[in-house]
Amino acid sequence: MISLRSNPSTAPPPREDAWITSYQKLLPHWHSVSLSHQHSTLPISISRVNQFDAARLDIEMSAMLKEQLVKVFSLMKSGMLFQYEPELDAFLEFLIWRFSIWVDKPTPGIALMNLRYRDERAVEIRENVRTGLEGPGLTVAQKMWYCIAAVGGQYIWARLQSFSAFRRWGDSEQRPLARRVWGLMQRIEGLYKAASFGNLLLFLYTGRYRNLIERALRARLVYESPNMNRAVSFEYMNRQLVWNEFSEMLLLLLPLLNSSTVKSVLHPFSKNKSSSSTEDDSTCPICRASPTTPYLALPCQHRYCYYCLRTRCAAAPSFRCSRCSEPVVAMQRHSSIVEHKTHNQ
């Protein structure tokens, strides 16, 4: 007989001991995985189109504010506002910065694109990272440097350029010091444009830092809300494009159209044939008044005012009679008026 009792030495371990053994084996792996997550960031991708659109919207907002402010000073002396245009632009940029970035709020364009600024230097990776968009906003120092660079830097450069152009530092007749300063300004401008172009290429590749100021301050644009889509309606844009194309087409075709030719083409289809045939021949068909200086259109010999017929023939060499639609090749003064004058003499 085969014994149904199992050998105690070959019996499986209790279930609790198996769980404990598995836990002790997996514990080192779990610690290594958690540490690797603590020292790595979640890869996030911010739409480059959204960032460019935000910058464009901010420019449009500044232009709208400038237009309204210019209307306020429209009654002042002409040319005075143009003299202080750099100060006006700096003032508007300062207002936008003061009521947006300084109070930890996005600019109008950034807010419309569901974006915000994040300090990349102080991003703390926590254990409860969910979307990778977490992180503190800009510090006070970053905000101040942003204002100095974006507002003060642009104002100083614009004022320096206008002053140097007014003084003509680039002319060969100027002093050597002025020419050197002008050459230095040109080199600085060239270096800045080259650096901006390189930053643009990096931005298109990585999607971070639209301009040199953001790259220097490590101020990155991230999504404010991860669940909000980019809601942009193209209805207004499509309507604007259609209207622009239609207006351009009208500007192209209207000079080519002749009103008299169109009228003559539509004349056979008009409903007022009987009324036009019974119309009084003593009135001018253009001004609908009795001609003071009557002239005849040849060869149809319908009577017109001299000025009405003369202006129509001068404006359109292929002018057709408004009564019979025949081409007018010449004009002649009414004979009855001539005979009446000779009889009185």
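Reckoned from all heavy atoms, side chains included, excluding hydrogens, waters and symmetry mates. All values derive from a computational prediction rather than experimental measurement.
Atom CD in Glu120 sits 5.5 Å away from atom CZ in Arg208 (nearest 0.5 Å). Between atom CG of residue Leu177 and atom CH2 of residue Trp182 there is a gap of 14.5 Å, rounded to the nearest 0.5 Å. Distance check, rounded to the nearest 0.5 Å: CZ of Arg116 to OH of Tyr223 gives 13.0 Å. Atom CD1 in Ile46 sits 7.5 Å away from atom CZ in Arg118 (nearest 0.5 Å). Remark: Met64 CE to Gln68 CD distance equals 7.0 Å, nearest 0.5 Å. Distance SG/Cys147 to CD1/Ile213: 10.5 Å, rounded to 0.5 Å.
Contacts of Gln186 classified as side-chain hydrogen bond (donor to acceptor under 3.5 Å, both in side chains), with partners at least two apart in sequence or in another chain: none. Partners of Arg215 by side-chain hydrogen bond (donor to acceptor under 3.5 Å, both in side chains), not counting sequence neighbours, listed by chain and number: Asn199. Under the side-chain hydrogen bond (donor to acceptor under 3.5 Å, both in side chains) criterion, Tyr209 pairs with Arg218, sequence neighbours left out. Take Tyr306 and apply the ring pair (Phe, Tyr, Trp, His ring centres under 6.0 Å) test, not counting sequence neighbours, and it matches Tyr295. Asn211 meets the side-chain hydrogen bond (donor to acceptor under 3.5 Å, both in side chains) test with no other residue; sequence neighbours excluded. Residues satisfying the salt bridge (Lys or Arg N to Asp or Glu O under 4.0 Å) test with Arg48, not counting sequence neighbours, are none. Take Phe52 and apply the ring pair (Phe, Tyr, Trp, His ring centres under 6.0 Å) test, not counting sequence neighbours, and it matches Phe203. In this structure, the salt bridge (Lys or Arg N to Asp or Glu O under 4.0 Å) partners of Lys66, at least two apart in sequence or on a different chain, are Glu85, Asp89. Scanning for side-chain contact (heavy atoms from CB on, under 4.5 Å) contacts around Lys193 gives Glu189, with sequence neighbours left out. Arg312 pairs by the salt bridge (Lys or Arg N to Asp or Glu O under 4.0 Å) definition with nothing, not counting sequence neighbours.
Cluster annotation: Leu212 is not connected to Leu138 through the hydrophobic network of ILVMFWY side chains, with a link wherever side-chain heavy atoms come within less than 4.5 Å. In this structure, Ile59 is not a member of the same hydrophobic cluster as Leu65, with clusters built from ILVMFWY side-chain heavy atoms closer than 4.5 Å. Taken together through direct or relayed side-chain contacts under 4.5 Å among Ile, Leu, Val, Met, Phe, Trp and Tyr, Tyr117 and Val103 form part of one hydrophobic cluster. Each of Leu204 and Val49 belongs to its own hydrophobic cluster when Ile, Leu, Val, Met, Phe, Trp and Tyr are linked at side-chain heavy-atom distances under 4.5 angstrom. Residues Tyr155 and Leu160 do not share a hydrophobic cluster, clusters being chains of Ile/Leu/Val/Met/Phe/Trp/Tyr side chains in contact below 4.5 Å.
Glu224 is not listed as a side-chain neighbour of Pro106, based on a closest heavy-atom distance of 4.5 Å or more. Contact of the Trp157 side chain with the Tyr192 side chain is not registered, since no non-hydrogen atoms from C-beta on lie closer than 4.5 Å. A heavy-atom distance below 4.5 Å is found between the side chains of Trp102 and Val140. Proximity of Pro285 to His302: side-chain heavy atoms (C-beta onward) are nowhere separated by under 4.5 Å. Annotation: side chain of Leu57 is not in contact with side chain of Pro108 (no heavy-atom distance under 4.5 Å). Side-chain contact check for Asp119 versus Thr139: some heavy-atom pair is nearer than 4.5 Å. Contact of the Ile96 side chain with the Asp58 side chain is not registered, since no non-hydrogen atoms from C-beta on lie closer than 4.5 Å.
Smallest separation of non-hydrogen atoms from Ala90 and Val151: O-CG1, 3.6 Å. Residue Leu221 comes nearest to Ile110 through the heavy atom pair CD2-CD1, 3.8 Å, listed as atom of the first residue, atom of the second, then distance. For the residue pair Cys284 and Cys305, the shortest heavy atom distance occurs at SG-N, 3.5 Å. A pairwise comparison of heavy atoms in Arg303 and Pro291 identifies CG-CG, 4.3 Å as the closest pair. When all heavy atoms are compared, the tightest approach of Leu298 to Gln301 is CD2-CG, 3.9 Å. Considering all non-hydrogen atoms of both residues, Met185 and Ser164 come closest at CE-OG, 3.7 Å.
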Audit row: Asp53, Leu112, side-chain contact (heavy atoms from CB on, under 4.5 Å) steps and yes/no: CA-CA 9 Å; Asp53 287 349; Leu112 288 174; over 6 Å; no
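Crowding of Met61 atom CE: a count of heavy atoms from other residues, nucleotides or ligands under 6.0 Å not exceeding 12. Residue Trp145 places its CH2 atom among 12 or fewer non-hydrogen atoms of other residues, nucleotides or ligands, all under 6.0 Å distant.
Screening residues 140-161 for salt bridge (charged side-chain N to carboxylate O under 4.0 Å, His left out), with sequence neighbours left out, gives Glu87-Arg159, Asp104-Lys143. Sorted by first and then second residue, the side-chain hydrogen bond (donor to acceptor under 3.5 Å, both in side chains) pairs involving residues 92-101 (not counting sequence neighbours) are Ser62-Glu93.
With hydrogens and angles ignored, the 3.5 Å screen pairs a side-chain donor or acceptor of Glu214 with a backbone N or O of Arg210. No side-chain donor-acceptor contact under 3.5 Å links Glu326 to the backbone of Pro299.
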